[in-house]
Number of protein chains: 2
Amino acid sequence: MTELLWGRQQPPSRGPKPAMTLTGIAEAAIRIADAEGLDAVSMQRVADDLPVTKMALYRYVPGKTELVAVMSDLAMGEPPEHPGLSWREALHAWSIDLFDGFNRHPWLLLSTVGGRPVGPNEAAWLDRGVQALTGSGLNGTEQLDSILVLSGHVRTIALQTATMPGGRQGLTEETFTAGFAGILAAEADRFPSLVAALRTPSGQENQGLEFGLDRILDGLELLISARQD
Amino acid sequence: MTELLWGRQQPPSRGPKPAMTLTGIAEAAIRIADAEGLDAVSMQRVADDLPVTKMALYRYVPGKTELVAVMSDLAMGEPPEHPGLSWREALHAWSIDLFDGFNRHPWLLLSTVGGRPVGPNEAAWLDRGVQALTGSGLNGTEQLDSILVLSGHVRTIALQTATMPGGRQGLTEETFTAGFAGILAAEADRFPSLVAALRTPSGQENQGLEFGLDRILDGLELLISARQD
DNA sequence: ATTAACTGTGTCTGTCGGACACAATAAGGT
DNA sequence: ACCTTATTGTGTCCGACAGACACAGTTAAT
């Protein structure tokens, strides 16, 4: 699986020329997922789009799990470069870039849940994030934990705001209108703080993302400046 | 769906006595998920354990999506009480409680991905979290955003450390040994910062959780103290 | 020319969620 | 007491899915 992700497989010497490539298959799967959601990505559907038989795909990929891993790493792409920024600016830009990526391919929020092998693009993202914190006084574990906090927050917000072709949305949208508001009003006494908090008019676009980023980066700055004394 | 979650359905007057209850079905599903992972929860499997026919379940639940929603809210349970704590202590305890919940039922990490109706227990968790921030000077949206950051972080760490019966783990464990370390060493020049960061010996138990909580709470404290001036 | 490796295809199985019709059951209205 | 009517659990059926396996055609090494 790791070999697949990293393209580590020597081409066979004999036999017919392969009619497809692994990335070609993954790109077809990405197109489907972008257009119709991750649930629409089945072996049959991908094969039909190429077009080829379903079983032919298994010559390139051991199973669907692996295909999803490959298409996920491919869709993530390489992290954009932002030279000449402070660690804080760099991490902020990194987070926004990641958020944009999740918005470009909302199904990544579903396909990258749970432990999975790290592909080259994900490694590049990790590297770029950690890079911003080298020389900050944090040790390696702290650097990794920091970008983990950031990526986790980006995921959380993206999951709330993303609109996927397959349906499913965050709290503040459909869910609220779908009877939840009524029920909450009926049982307002059980959740007084929540009801009160929901009365506040929600802020502007991406408020949740920026709010969390500011808090996390503030917290990091506090630690870093303490370390640099 | 919302009515299901909140138990809002009047019992029918006529017809045979129901042999099961919705919560009974959900509890059976929870048992299966706890023991064998979320993937093992199929309508057939739940029915076999009760024991009853698969189709009988559809008299109590419209579909699998709804069953998962009900069992998720049920497994989450009510948030523990921690009276007499400062907002910071309360939010810390709240996060740890949530983390424990995810560890008790690791499949919650998978079943609660994506937008879904909020059930009574999830509402109670939200309420308890927001409650800690009432009177802090933050407005309702900021309070909600704050606990969203915290819950997102808890999710992230739980997802990394959780061991699920269905397999799948985080970055720092299996994944790393499964050839990733070797590949990363081979391509060390492509990811210099990442390789350097990974060289640091990893810290103690729950380091990632506490590190992120400290940063986030520090960031919140900064904002709150600024607001209270 | 022969062999051996590899490709894409066709066929098959088991599992899944769910639709639908049916007989058994229990209450309400008369 | 009777009949009507809503509701239960069951049995049968379907389409979609992931994947196993055998097979024929294709290409390079020998």
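The figures here come from the full heavy-atom set of this structure, side chains too, leaving out hydrogens, waters and symmetry mates. Sequence lines set the chain letters: A, B, ... in the order given, protein chains first and strands last, and positions in each chain run from 1.
Ion pairing between a basic and an acidic side chain is recognised when a charged N comes within 4.0 Å of a carboxylate O; B:Arg104 and B:Asp100 show no such pairing. A salt bridge is absent between A:Arg31 and A:Glu36; no separation between the charged side-chain nitrogens and carboxylate oxygens falls under 4.0 Å.
Atom-to-atom, CE of B:Met20 to P of D:dT7 comes out at 16 Å; the value is rounded to the nearest Å. When rounded to the nearest whole Å, the span between NZ of A:Lys54 and P of C:dG10 equals 13 Å. A:Met43 has its CE atom 15 Å from the P atom of C:dG8, to the nearest Å. In this entry the distance linking CG of A:Asp39 with P of D:dG15 reads 21 Å, nearest Å. A straight line from CD of B:Gln44 to C1' of D:dC17 spans 17 Å, rounded to a whole angstrom. If you measure from atom CD1 of A:Ile25 to atom P of C:dT7, you get 11 Å, rounded to the nearest angstrom. For B:Gln9 and D:dT7, the CD to P distance is 12 Å, given to the nearest whole Å.
Side-chain N/O atoms of B:Ser111 and B:Ser72 include a donor and acceptor closer than 3.5 Å. If you check the side chains of A:Arg155 and A:Thr112, you find a donor sitting under 3.5 Å from an acceptor.
Judged purely by atom type and a 3.5 angstrom limit, B:His153 uses its side chain to pair as donor or acceptor with the backbone of B:Leu209. Judged purely by atom type and a 3.5 angstrom limit, A:Glu3 uses its side chain to pair as donor or acceptor with the backbone of A:Met1.
For the side-chain contact (heavy atoms from CB on, under 4.5 Å) with B:Ile25, the lone residue among B:Val61, B:Ile30, B:Leu67 that qualifies is B:Leu67.
In this structure, the separation between CD on B:Glu78 and CZ on B:Arg128 is 7.5 Å, given to the nearest 0.5 Å.
In terms of phosphate contacts, B:Tyr60 brings a side-chain nitrogen or oxygen within less than 4.0 Å of OP1 or OP2 of D:dG9.
Contact check of residues 45-53 of chain A against DNA chain D (heavy atom, cut-off under 4.0 Å) returns no residues at all.
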Next on the checklist: So if I define the base as every atom that isn't primed, P, OP1 or OP2, how would nucleotides 21-30 of chain D read as a B/S/- string at a heavy-atom cutoff under 4.0 Å?
Outcome noted: BBB-BBBBS-
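Below 30°, between 30° and 60°, or above 60°: for A:Trp6 and B:Phe180 the angle between ring planes is between 30° and 60°, a tilted geometry.
Taking the side chain of A:Lys64 as heavy atoms from C-beta on, and the options D:dA18, C:dG8, C:dC16, the nearest nucleotide is D:dA18.
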